[in-house]
Number of protein chains: 2
Amino acid sequence: MERGHIHVPAQCGRIAAILSRIGDKWTVLVVESLGNGPLRFNELRRRIGGISQRMLTLTLRAAERDGFVTRTVFPTIPPRVDYELTPLGRSLREPLHRLGDWALENVETIEESRRRFDGEAEKQAAAPRPQRAVGA
Amino acid sequence: MERGHIHVPAQCGRIAAILSRIGDKWTVLVVESLGNGPLRFNELRRRIGGISQRMLTLTLRAAERDGFVTRTVFPTIPPRVDYELTPLGRSLREPLHRLGDWALENVETIEESRRRFDGEAEKQAAAPRPQRAVGA
DNA sequence: CTGCATCCCTGTTGATACTG
DNA sequence: CAGTATCAACAGGGATGCAG
């Protein structure tokens with residue numbers, strides 16, 4: 001409790017839940033892609049790249065449910081649907097960018113740490129405690 | 001591109017990857033729980049609550065691999081292992097708290113949005129477009 | 001164009017039991 | 001106490017086909 005922060009497990013659980021939602025592999029991409037203004041379904045899809053139609057639909061529905069985006073249907077032929085960030089969704093971009101900046105700043109450190117860790121693990125596997133011969 | 005931010009999909013993918021890692025349901029809890037100082041395995045486990053031994057092990061190993069925590073083994077009997085945040089892990093707490101504050105601030109809005117959304121969905125299900133009789 | 005339903009595969013999670 | 005191994009259950013996610 002060094003600072004004024006809470007540290008109550010229940011609150012942490014809530015944070016974890018939020019992170020799980022927005023960190024579910026596509027929501028971040030959607031929020032960022034919509035950061036420049038509203039987009040149609042397939043524009044969004046092309047913009048993100050690598051997302052299946054199904055996942056985009058599910059992600060957008062979840063985001064709409066959480067109040068991050070609005071879904072506007074134009075009853076034209078062919079149909080047209082615009083997705084746009086709500087104020088809530090836009091407010092999410094700031095803390096998200098914080099974390100994004102942190103990630104970009106530290107991604108190399110993290111990847112190096114991973115390489116080192118994996119290298120050590122390999123060496124450990126190559127020399128599995130010489131003493132203590134299994135059958136002896 | 002309204003501000004100085006990047007918005008390159010590749011970068012967003014990295015952010016999403018980081019979010020997926022740290023938002024993997026337990027890492028946040030671990031980081032927060034270790035925020036007050038080093039803890040032993042089972043202390044940490046009790047502190048978090050609801051995490052299985054296996055998941056804690058996996059989460060800690062991943063966190064160690066990424067360089068968020070250090071693992072210190074005391075070769076005593078019974079064995080004792082301390083886990084502690086690295087500077088990198090501690091630096092993660094700040095942007096994490098940002099997002100945490102955002103989550104706490106907006107959790108009610110989000111939950112209300114969900115309730116409303118689910119309520120609407122229920123009404124829609126109850127009135128499945130009166131016109132357009134299936135067989136007619 | 002948008003998006004729902006279905007099938008299916010995979011990764012992730014958790015319970016249990018066993019080792020050092 | 002700390003950690004691993006194995007197995008079973010579940011949800012996430014992709015491909016395809018159909019509908020408005």
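Each chain gets a letter, A, B and so on, in the order the sequences are listed, and its residues count up from 1.
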Treating [X] as the side-chain partner and [Y] as the backbone partner, does any N or O pair qualify as donor plus acceptor under 3.5 Å?
X	Y	result
A:R40	A:R80	no
B:T86	B:G67	yes
B:S20	A:G23	yes

Over 12 non-hydrogen atoms of neighbours within 6.0 angstrom of [atom1] in [X]:
X	atom1	value
B:E94	CD	no
A:E43	CD	yes
A:R114	CZ	yes

field: B:G50 versus B:W26, closest heavy-atom pair with distance
entry: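 Here B:G50 and B:W26 meet closest at O-CH2, 3.5 Å.
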- request: Indicate the atoms forming the closest heavy-atom contact of A:V69 with A:L34, along with that distance.
  value: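 Closest heavy-atom pair between A:V69 and A:L34: CG1-CD1, 3.8 Å.
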message: Contact list please: residues 53-61 of chain A against DNA chain D, heavy atoms, distance less than 4.0 Å, in numerical order.
response: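 Per residue number, the list reads A:Q53, A:R54, A:M55.
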- prompt: What are the residues of residues 64-81 of chain A, sorted by number, that bring a heavy atom to within less than 4.0 Å of DNA chain D?
  reply: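 Of all residues in residues 64-81 of chain A, the ones placing a heavy atom under 4.0 Å from DNA chain D are A:P79.
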query: Counting only non-hydrogen atoms, which of residues 16-27 of chain B are less than 4.0 Å from DNA chain C?
result: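 Nucleic-acid contacts, sorted: B:D24, B:K25, B:W26.
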With side chains defined as the heavy atoms from C-beta onward, is the minimum distance between [X] and [Y] less than 4.5 Å?
X	Y	result
B:V30	B:Y83	no
B:L60	B:L44	yes
B:D24	A:L19	no

message: Would you say B:Y83 places a side-chain N or O within less than 4.0 Å of OP1 or OP2 belonging to D:dC1?
response: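 For D:dC1, neither OP1 nor OP2 has a side-chain N or O of B:Y83 closer than 4.0 Å.
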message: Heavy atoms from C-beta onward define the side chain here; which of D:dC1, C:dT2, C:dA15 lies closest to that of B:N42?
response: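 From the listed options, D:dC1 comes nearest.
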In whole angstrom, what separates [X]'s [atom1] from [N]'s [atom2]?
X	N	atom1	atom2	result
A:R45	C:dC4	CZ	P	14 Å
B:F41	C:dG20	CZ	P	18 Å
A:L29	D:dG13	CG	C1'	15 Å
B:D82	D:dC1	CG	C1'	12 Å

- prompt: Who pairs with A:R65 by salt bridge (Lys or Arg N to Asp or Glu O under 4.0 Å), at least two apart in sequence or on another chain?
  reply: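 Scan of A:R65 (salt bridge (Lys or Arg N to Asp or Glu O under 4.0 Å), adjacent residues dropped) gives B:D118.
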- request: List for me each residue that meets salt bridge (Lys or Arg N to Asp or Glu O under 4.0 Å) alongside B:R21, sequence neighbours excluded, and say none if there are none.
  value: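 With neighbours one apart ignored, the set is B:D66.
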message: For the helix from C:dC1-D:dG20 to C:dG20-D:dC1, what angle separates the axis at the start from the axis at the finish, each from five pairs, in steps of 10°?
response: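 Overall, the helix from C:dC1-D:dG20 to C:dG20-D:dC1 bends by 40° from one end axis to the other.
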